[in-house]
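One structure is given here, and the rest of the page talks about it.
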There are 2 protein chains.
Amino acid sequence: MPTREPSETRILSVASEHLRLHGLRRFTVVAVAEEAGMTHANVYRYFPSRAALVDAVVDLWLKATERRLADIADGPDPADDKLERLILALARANRDLLSEDPHLFAALSQAVAKRHAISRRNRARVRALFERVIDEGIASGAFEPRDRDKAIAYVIDATHRFIHPASLELEADVPQASVDARLSTLIRVALRVLSTGIV
Amino acid sequence: MPTREPSETRILSVASEHLRLHGLRRFTVVAVAEEAGMTHANVYRYFPSRAALVDAVVDLWLKATERRLADIADGPDPADDKLERLILALARANRDLLSEDPHLFAALSQAVAKRHAISRRNRARVRALFERVIDEGIASGAFEPRDRDKAIAYVIDATHRFIHPASLELEADVPQASVDARLSTLIRVALRVLSTGIV
DNA sequence: AAAATTACAAGTTACGAATTTTGTTATTTG
DNA sequence: CAAATAACAAAATTCGTAACTTGTAATTTT
């Protein structure tokens, strides 16, 4: 992890706050710079564009979430436990962001929809975590899929509804308990499907 | 099915063409009326608002799709076959609309996102078809789920990614063959899950 | 020399006036 | 009297312009 310069950190934290409070629409480089106590031109010494600054804010959240997921994947527990917790943690992280910080969620959602580099990379890294845990399960004998690649695609496709921002937005008003119940059914099924070689 | 008056039919067909060619943004009651050879005020004799006219166009497509799904559900084949064809037909209908008529797809997508009555009702009817076929499978012994309601929710949630407009838009550029392969894995798994009582 | 500022061109947004569209009602037509 | 139109108010959209924001380059500060 590169050490950030103090000004860069300051800009980032002001930008985060600004995005959270005012949303993408009203997020301006001029306002961020002013609140960070500098002229807007100086912001461009650290971030090449407004879009890059917004992406950096989103990336901060993505990386923090990734770290929590990696902690699960790196844990000593059985692979099926870890896969379950991985899916739940990812689903909850996104869902909590939607309810607790809608503006940042919207920015993330856009980054995903428009396939920004940060979201493509995040997606690749999260997918790698899933692959690692599933491979670990195969190695330990907990999972016995007929086709490893299809098994991975299956897990990702089946859980999509509870993980992808675009799908989460659709159910913002459904009681969390009901969503949780459906997700846990889905996970339970996925684990059995992986362990019994259905996929 | 109520017999429509000739003017109403004419308006609807001009409106369909207009929506398909120009999209929601440029779809105006005035232009539709003009092309249908009448003043815009007369359109309001048949449709209470611009929004209602757009919804009527979308509903035309939804109903046509529903009829094809109902034909499958009403067929004499085994329930597992019918469920597979139901899911495939629904996924393909939406996917084909996206590629062949993006403007109508966008209008449908909005109706779904904004929970218009037409889309809520369509959803309820399509869900009822799924329930019917699954119940039929339970009656015939082809499916033996532990919990019927959870089984239905599972099928709908797991296939969501390949059926819901918001999710389909995300994969517009993925080769159809690859999407089809993933969907058929998902369906195969779902059928086994239903038949073996995993859910 | 690094960090910041000033100054400026290019692009975007905000805003009010003009126009168009929506939706209603009273009236005409066949 | 059913179908359509004309006429109109209210709402939405477009258009042009002013203000602001973005991004760059030359200059100043520390």
Side-chain angles (χ1 to χ4, degrees), chain A residues 2-59 103-104 106-107 110-111 113-114 116-118, chain B residues 2-60 103-104 106-107 109-111 113-114 116-118:
Chain A
T3 313
R4 278 193 232 280
E5 317 209 16
S7 289
E8 189 177 348
T9 312
R10 173 144 183 67
I11 293 166
L12 256 182
S13 87
V14 170
S16 295
E17 189 190 321
H18 244 252
L19 187 57
R20 190 171 56 78
L21 293 177
H22 309 301
L24 259 185
R25 292 284 317 263
R26 301 192 186 174
F27 177 98
T28 70
V29 178
V30 168
V32 169
E34 188 176 9
E35 202 166 314
M38 61 185 70
T39 57
H40 77 278
N42 198 44
V43 169
Y44 287 92
R45 289 181 49 75
Y46 302 95
F47 299 94
S49 67
R50 183 193 111 112
L53 180 52
V54 172
D55 277 357
V57 171
V58 173
D59 204 35
H103 285 140
L104 182 53
Q110 273 210 23
K114 295 185 175 172
H116 291 195
I118 51 154
Chain B
T3 313
R4 277 193 233 281
E5 317 210 17
S7 289
E8 189 176 348
T9 312
R10 173 145 183 68
I11 293 166
L12 256 182
S13 87
V14 170
S16 295
E17 191 191 320
H18 243 254
L19 186 57
R20 189 171 56 79
L21 293 177
H22 310 300
L24 259 185
R25 292 283 318 262
R26 302 192 184 175
F27 176 99
T28 69
V29 178
V30 168
V32 169
E34 189 175 8
E35 202 166 312
M38 60 184 72
T39 58
H40 78 278
N42 197 44
V43 169
Y44 286 92
R45 286 181 50 76
Y46 301 95
F47 298 94
S49 67
R50 183 192 111 113
L53 179 52
V54 171
D55 278 357
V57 171
V58 173
D59 204 36
L60 227 48
H103 284 141
L104 181 53
S109 202
Q110 273 210 23
K114 294 186 175 171
H116 290 195
I118 52 154

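Every chain is numbered from 1 and lettered A, B, ... according to where its sequence line falls, protein lines coming before strand lines.
Whole-Å rounding puts the A:Phe47 CZ to D:dT24 P distance at 15 Å. Here the C1' atom of nucleotide D:dT29 and the CE atom of A:Met38 are 15 Å apart, to the nearest Å. Rounding to whole angstrom units, CZ of residue B:Arg10 and P of D:dA3 are separated by 16 Å. Put simply, CD on B:Glu8 is 11 Å from P on D:dA4, counting in whole angstrom units. Rounded to whole Å, atom C1' of C:dT5 lies 15 Å from atom CD of A:Glu34. Counting to the nearest Å, the P atom of C:dA2 and the OH atom of A:Tyr46 are 11 Å from each other.
Residue whose closest nucleotide on DNA chain C sits further toward the 5' end, between A:Arg25 and A:Asn42: A:Asn42.
Atom NE2 of residue A:His116 and atom CG of residue A:Asp59 lie 12.0 Å apart, to the nearest 0.5 angstrom. Distance CG/B:Leu12 to OH/B:Tyr46: 12.0 Å, rounded to 0.5 Å. For the atom pair OG1 (B:Thr28) and NE2 (B:His40), the distance works out to 10.0 Å, reported to the nearest 0.5 Å.
Contact check for B:Phe47 versus B:Val29: no side-chain heavy atoms found under the 4.5 Å cut-off.
Of the candidates A:Arg25, A:Arg20, A:His18, A:His18 is the only one forming a side-chain contact (heavy atoms from CB on, under 4.5 Å) with A:His22.
In this structure, the side chain to side chain contact (heavy atoms under 4.5 Å, CB included) partners of A:Leu21, at least two apart in sequence or on a different chain, are A:Glu17.
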Across nucleotides 21-30 of chain C, 5' to 3', mark each nucleotide with B, S or - according to how protein heavy atoms within less than 4.0 Å reach it. SBBB------

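Using a 4.0 Å heavy-atom cutoff across all strands shown, B:Arg26 reaches no nucleic acid atom at all.
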